Amino acid sequence: MIHGWTPQIGDPSVLGWLTVASYFFASLLCLRAAGHDASSKNLWRALGFALIALGINKQLDLQTLLTQIGREYARSGRWYEHRRAVQQIFISVIAFTSVLGSMVIIVMFKNRSRGFGMASIGLILLGAFVLIRAASFHHVDYFLNLLFLGVRFNWIIELGGIAVIVLGAAQTCRTGRRSSPMERLRFWGLRSR
């Protein structure tokens, strides 16, 4: 047990496992998109590996560990009673950074495939979602646990971010040029250039 956190399955529900499977499916699709988009292949690979990490995080619930460490730091720093203000600032910074990051991606990657830009924005949404969950702000937790058509908003937001990535990767796979077998070997580092 580390900081009041024990490694265990974070969300053993059917929808929890579906979300993990969605992360891994999206990861595989991103790795496949790398073979169709030579100009962004390393970025697609990085996105694919980031999704694997998020899928693992989904079931290990590592953001809870981060929350516990933050609580202990707040208590030891004697500012725990002011944590609400810190949480609000944190969430505001995450929201601002997410919007700014999306705008930067649109500008920086305008010459890249449209699918890559879409997938990058999906990753920013997922990253913001995970960080906001880690802040453990009760009003946000209340909203995320509300039901819409029998499904919690946190699942809608998380699966929505994954869906944006899947759509971007699928578009790249559909419209991009398929790599030759030799290019695929180089992609995996199995053949020298």
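Nothing here was measured: the structure is a model prediction, and the numbers come from that model.
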* Heavy-atom closest pair, residues Ile52 and Ser27 ->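 Result for this residue pair: CG1-OG, 3.1 Å.
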* Heavy atoms only: give me the nearest Val164-Met118 pair and the separation to one decimal. =>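 The answer is CG1-O, 3.2 Å.
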Nearest 0.5 angstrom please: [X] [atom1] to [Y] [atom2], how far?
X	Y	atom1	atom2	result
Asn42	Leu47	CG	CG	12.5 Å
Ile162	Phe129	CD1	CZ	9.0 Å
Gln171	His36	CD	NE2	13.0 Å
Cys173	Leu29	SG	CG	5.0 Å
Cys30	Phe116	SG	CZ	8.5 Å
Leu18	Leu159	CG	CG	6.0 Å

Can you get from [X] to [Y] by hopping between Ile, Leu, Val, Met, Phe, Trp and Tyr side chains that sit under 4.5 Å apart?
X	Y	answer
Leu100	Val93	no
Leu125	Leu167	no
Val166	Leu15	yes
Ile56	Phe49	yes

* Look only at the side chain of Ser13 and the backbone of Gly16, and say whether a donor-acceptor pair between them is shorter than 3.5 Å. =>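 Such a contact is found between Ser13 side chain and Gly16 backbone.
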Check: [Y] and [X] side chains under 4.5 Å, non-hydrogen atoms:
X	Y	result
Trp44	Thr172	yes
Leu123	Leu54	yes
Gln59	Trp17	yes

* Asked: So with a 6.0 Å cut-off around CZ of Phe25, is the heavy-atom count from everything else above 12?
  ->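 Open: at most 12 neighbouring heavy atoms sit under 6.0 Å from CZ of Phe25.
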* Asked: Got a sec, which residues hit side-chain contact (heavy atoms from CB on, under 4.5 Å) with Asn57, two or more places apart in sequence or on another chain?
  ->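 So Asn57 forms a side-chain contact (heavy atoms from CB on, under 4.5 Å) with Leu62, Gln63, Val130.
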* How would you list all residue pairs meeting salt bridge (charged side-chain N to carboxylate O under 4.0 Å, His left out) that involve residues 155-169, not counting sequence neighbours? ->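 Checked against salt bridge (charged side-chain N to carboxylate O under 4.0 Å, His left out) - neighbours excluded - the pairs reaching residues 155-169 are Lys58-Glu158.
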* To do: Sequence neighbours left out, what passes side chain to side chain donor-acceptor pair (under 3.5 Å) with Thr97? Give chain and number order.
  =>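 Testing Thr97 for side chain to side chain donor-acceptor pair (under 3.5 Å), a comparison that skips the adjacent residues, returns none.
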* Side chains of Ser39 and Asp37: is there a donor and an acceptor less than 3.5 Å apart? ->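 Side chains of Ser39 and Asp37: pair found under 3.5 Å.
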* To do: Begin from the C-alpha positions of Phe24 and Leu51 and carry the test side-chain contact (heavy atoms from CB on, under 4.5 Å) through to its verdict.
  => CA-CA 7 Å; Phe24 294 147; Leu51 289 168; over 6 Å; no
* To do: Could you walk me through whether Ile165 and Ile121 pass side-chain contact (heavy atoms from CB on, under 4.5 Å), step by step?
  => CA-CA 8 Å; Ile165 294 169; Ile121 290 171; over 6 Å; no
